[in-house]
Asker: 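Have a look at this one.
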Amino acid sequence: MAEQLGSLARTHTCGALRPTDVGKNVVLLGWVHRVRDLGSLLFLDVRDRHGLTQVIIEGDAALLEKVKPIRSEFVVAILGEAERRSADTVNLALPTGEVEVRAREVRILNEAKTPPFSIAEDQNVSEETRLRYRYLDLRRPQLQHNLALRHRITIALRKYFDEQGFYEIETPILTKSTPEGARDFLVPSRVHPGEFYALPQSPQIFKQILMIAGFDRYVQIARCFRDEALRADRQLEFTQVDLEMSFATEAMVFEVVEGALAACFQAIGVEIPRPFRRMPYAEAMAKYGNDKPDLRFGLEIQDFGSLFADSPFGIFREAIAHDGTVRGFVIPGAAKFSRREVDDLVDQAKQLGAAGLIYARYTADGVQVSAKAIGDEGTRRVLEASGASKDDLLVLASGAPDAASKVLGQLRLNVAKKQNLIPEGRWELTWVTDFPLFGWNADEKRWDSVNHPFTAPREEDRHLLKSDPGKVLAKAYDVILNGWELGGGSIRIHDRETQADVFRLLGLSDEDARNRFGFFLESLEYGTPPHGGLALGLDRICALLAGETSIREVIPFPKTTQAVDLMCNAPSTVDPRQMRELHIKPIA
RNA sequence: GGGGUGGUAGUUCAGUUGGUUAGAACGCCGGCCUGUCACGCCGGAGGCCGCGGGUUCGAGUCCCGUCCACCCCGCCA
């Protein structure tokens, strides 16, 4: 049934024809977008990724008979002549709308089953169906546009980094497992029974070794793998724009990365102001309860600890007496919240782990507070300090400073979303700097790296390494866009002793360290330049710039939150022979 | 592992306090139509109400379990 392409070559894409092409003999190759059959007059809209062209079939009974079975998504070749449309039939909605192709011959190159959802209609389809028929979803304008944008961003980055003197260098996909950090994906070795490769969580060690090797500036668009829970902004495999620079200071990394992101924004025609804002980690945690603050809206968290040290409200007084504090934020216009709405806020706070949530507001004849013991005077004082107007609602939580801010920070995001306080089309970029180097792991009673174990401490904090590790701040930084972590990095440790000190603090014995990173520790001793870098999440950049809320919309073949590829049905069982060859056996 | 939202025709959805034969739109199939472009008009087919139990005279609707998709927490150096 299907006819042959033969030596037929397209003369124009489906988005190309203009009035200047009128009179030309053309060959179009593409998919049938829509058929409009008017009896002895029939229109075909033919589509490819470049656009849509109207084809007219008229006055040729044999041809009309031949095209009769054509349905949406058939693949066709159109041979005909480009004609100007009469003034009353031009379609200004189409770039090709001033012309049409009068078909002389139509070849049906392939038929198509009726697709489970329409490519031509812009209808909502459940993500499950879209993922199962991803090849059809990819034909639709949204993903066509998103992947085109991703291409432009990727090209812009490669061009930018080349201009900045970076070499693009590849690193292994089959590499060595390093037990800290995310769960590794393991690949059993056939040649070495019982041994495994790991897929890289990031090319971290390799890029540092490239600095030791003298490559000075390295960049890679690197696939990374982490066997962790999936989210809207996290997939098992994702793409990092990984970079590293020798003799780099934090300021140098910031400048290079700001230029790279500016190049990305140019792909959507947006000029972003530079330099970006910088915010110490401690400030981000205090004001936004979060190390990736969304700065598109206010609702900043304020500290009211000093107002409640002698409060008649025991819960606040006690919190302060035990190194805690009272924090809160103002919800604009929320004074009119009903009992039910404020109860909902309190419930949310409790769900987020708060012991409770107190709210306060002005009323027609004074003030109101949900904890009577605070009293009118105390309520008036805190409302005044918060800057709340008579239309606003103040919410308060007490506890350890970070814990209180964390709950309020999450509540802040919920409220902003629900109250529609997040403006469209705003781009709020910021660096978050001065992360702590270590975090206390209460479960295992030891220090963990907040970033990774190769992150350098700030010089002024080095003396605290042994005496007070929790106070040591790192030369580490994240770059944040609209509440998403776009990337993070650090200046690295480049001397053997500091690296050994850090490993010791992390509870890694010399032997453990040797087993896991021995080759790397050894390499540090052969002339390592000071160096640092960062990795950007390419999927996240593309998603945000495409206006999407999930990176699945910029990844051609993503997995579900249950880590399944619904199109090819991976993962799946394998032939027992394959497993035997790999010396492995399922235990469940 | 925990919390939440959803699952009814190919698709997107509606379906009342549990009560006749489960509806709509688009799509699909057939017919008519010479200027359509979301063509129009006429006719038609299409349902394991996610799956399994239970309550009931009677379940799409109520209860329990389970599966799938999505969002969030934990997790993600």
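All values derive from a computational prediction rather than experimental measurement. Convention: sequence-line order gives letters A, B, ...; per-chain numbering from 1.
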Asker: Are A/Phe435 and A/Tyr477 near enough that their ring centres are under 6.0 Å apart?
Answerer: no
Asker: Within the 4.0 Å heavy-atom criterion, would you say A/Ser86 contacts the bases, only the backbone, or no part of the nucleic acid?
Answerer: nothing
Asker: Determine the interplanar angle of the A/Tyr135 and A/Tyr133 rings, folded into 0 to 90°, and report it as parallel if under 30°, tilted if 30 to 60°, perpendicular if over 60°.
Answerer: perpendicular
Asker: Please report the distance separating the P of B/U56 from the corresponding atom of B/G74, rounded so that it comes out in whole Å.
Answerer: 45 Å
Asker: Which value, in whole Å, describes the distance between the P atoms of nucleotides B/C70 and B/C33?
Answerer: 49 Å
Asker: Let's see if you can work this out: which of B/C68, B/C37, B/C76 has an atom nearest to the side-chain heavy atoms of A/Glu228?
Answerer: B/C76
Asker: If you measure from the C1' atom in B/G52 to the same atom in B/A59, how many Å do you get, rounded?
Answerer: 15 Å
Asker: Rounding to the closest angstrom, what is the interatomic distance between B/U34 and B/C29 at atom C1'?
Answerer: 24 Å
Asker: Remember a base hit wins even if backbone is also touched, and classify A/Val90 as base, sugar-phosphate or nothing at under 4.0 Å, heavy atoms.
Answerer: base
Asker: Do A/Phe196 and A/Ser177 come close enough that some side-chain heavy atom pair is under 4.5 Å?
Answerer: no
Asker: What about A/Arg226, does its side chain sit under 3.5 Å from the base of B/C76 through a donor-acceptor pair?
Answerer: no
Asker: Looking only at side-chain N and O atoms, does A/Arg552 come under 4.0 Å of OP1 or OP2 in B/C71?
Answerer: yes
Asker: Measuring only the C1' atom in each nucleotide, how far is B/G23 from B/C49? A whole number of Å is fine.
Answerer: 12 Å
Asker: Assess whether one donor atom and one acceptor atom, taken from the side chain of A/Arg85 and the base of B/U36, lie less than 3.5 Å apart.
Answerer: yes
Asker: Starting at the 5' end of nucleotides 7-12 of chain B, put B wherever the base has a protein heavy atom under 4.0 Å, S where only the sugar-phosphate does, and a dash everywhere else.
Answerer: ---SSS
Asker: Mind checking whether A/Phe454 and A/Phe517 have ring centres under 6.0 Å apart?
Answerer: yes
Asker: If we take the C1' atom in both B/G1 and B/G15, what is their distance in whole Å?
Answerer: 36 Å
Asker: Could you check whether the side chain of A/Glu128 and the base of B/G6 have a donor-acceptor pair of N or O atoms closer than 3.5 Å, going by distance alone?
Answerer: no
Asker: When you check the phosphate oxygens OP1 and OP2 of B/C39, does a side-chain N or O of A/Arg36 lie under 4.0 Å from one of them?
Answerer: yes
Asker: Side chains of A/Trp484 and A/Asp294: does their closest heavy-atom pair fall under 4.5 Å?
Answerer: no
Asker: Mind checking A/Leu352 for me? I need base, sugar-phosphate or nothing, with any heavy atom below 4.0 Å counting as a touch.
Answerer: nothing
Asker: Ignoring hydrogens and angles, answer whether the base of B/G74 and the side-chain atoms of A/Arg231 contain a donor-acceptor pair closer than 3.5 Å.
Answerer: yes
Asker: Would the base of B/C75 count as contacting A/Arg234 through its side chain, where contact means a donor and an acceptor less than 3.5 Å apart?
Answerer: yes
Asker: I'd like to know whether A/Arg231 forms a salt bridge (Lys or Arg N to Asp or Glu O under 4.0 Å) with A/Asp233, so could you lay out the CA-CA distance, the side-chain angles of the two residues, the decisive distance to 0.1 Å, and finally the verdict.
Answerer: CA-CA 5 Å; A/Arg231 289 288 162 72; A/Asp233 62 348; over 6 Å; no
Asker: Taking only side-chain N and O atoms of A/Thr560, does any of them lie within less than 4.0 angstrom of OP1 or OP2 on B/A69?
Answerer: yes
Asker: Compare side-chain N and O positions of A/Ser40 against OP1 and OP2 of B/U34 and report whether any pair is under 4.0 Å apart.
Answerer: yes
Asker: What's the gap between B/G60 and B/U17 when it is taken at their C1' atoms, as a whole Å value?
Answerer: 16 Å
Asker: When the P atoms of B/C37 and B/C26 are compared, how many Å lie between them, rounded to an integer?
Answerer: 15 Å
Asker: Heavy atoms under 4.0 Å, any strand shown: does A/Gln235 hit a base, just sugar-phosphate, or nothing?
Answerer: nothing
